[in-house]
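Following: one structure in structure tokens, then a few remarks.
Treat the numbers as computed from the prediction; the structure is a model and nothing was measured.
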Amino acid sequence: MESIEDVSRVLMLVDAMTEPMDDVFFMALADACVRVGRLDALTKQMEKFQRQGLSGSLSAGTYGALIKAY
């Protein structure tokens, strides 16, 4: 089970990443943000994912996680 501290630590690591994240990683990150109630962080990561030009490659599962979040 994720804690808000664990998710916050992962989010700091993600912010430091130079490689673009893939759909599977983004979906796991979105799910973790939803579980701990960090929709602000999820929104920020979604914007980053879109800037990387990868938002067109989202899976149905990722869209489901986003719908559940918002």
Heavy atoms, side chains only, cut-off 4.5 Å: are [X] and [Y] in contact?
{"X": "Thr43", "Y": "Cys33", "value": "no"}
{"X": "Asp15", "Y": "Met17", "value": "no"}
{"X": "Ile4", "Y": "Val7", "value": "no"}
{"X": "Leu11", "Y": "Lys44", "value": "no"}

**Report entry** Listed partners of Met12 passing side-chain contact (heavy atoms from CB on, under 4.5 Å), at least two apart
**Finding:** Arg9
Query raised in the report: Can you tell me how far CD of Gln45 sits from CG of Leu39, rounded to the nearest 0.5 angstrom?
Result: 13.0 Å
Query raised in the report: In Å and rounded to the nearest 0.5 Å, what is the CE to CG distance from Met27 to Asp22?
Result: 10.0 Å
Query raised in the report: What residues, two or more places apart in sequence or in another chain, satisfy side-chain hydrogen bond (donor to acceptor under 3.5 Å, both in side chains) together with Glu5?
Result: Ser3
**Report entry** side-chain hydrogen bond (donor to acceptor under 3.5 Å, both in side chains) partners for Lys48, two or more places apart
**Finding:** none
Report task. Decide, yes or no, whether a salt bridge links Arg35 with Asp31 under the criterion of side-chain N to carboxylate O below 4.0 Å. Result -> yes
**Report entry** Sequence neighbours excluded, every pair satisfying ring-ring contact (aromatic ring centres under 6.0 Å, His included) that has a member inside residues 3-38
**Finding:** Phe26-Phe49
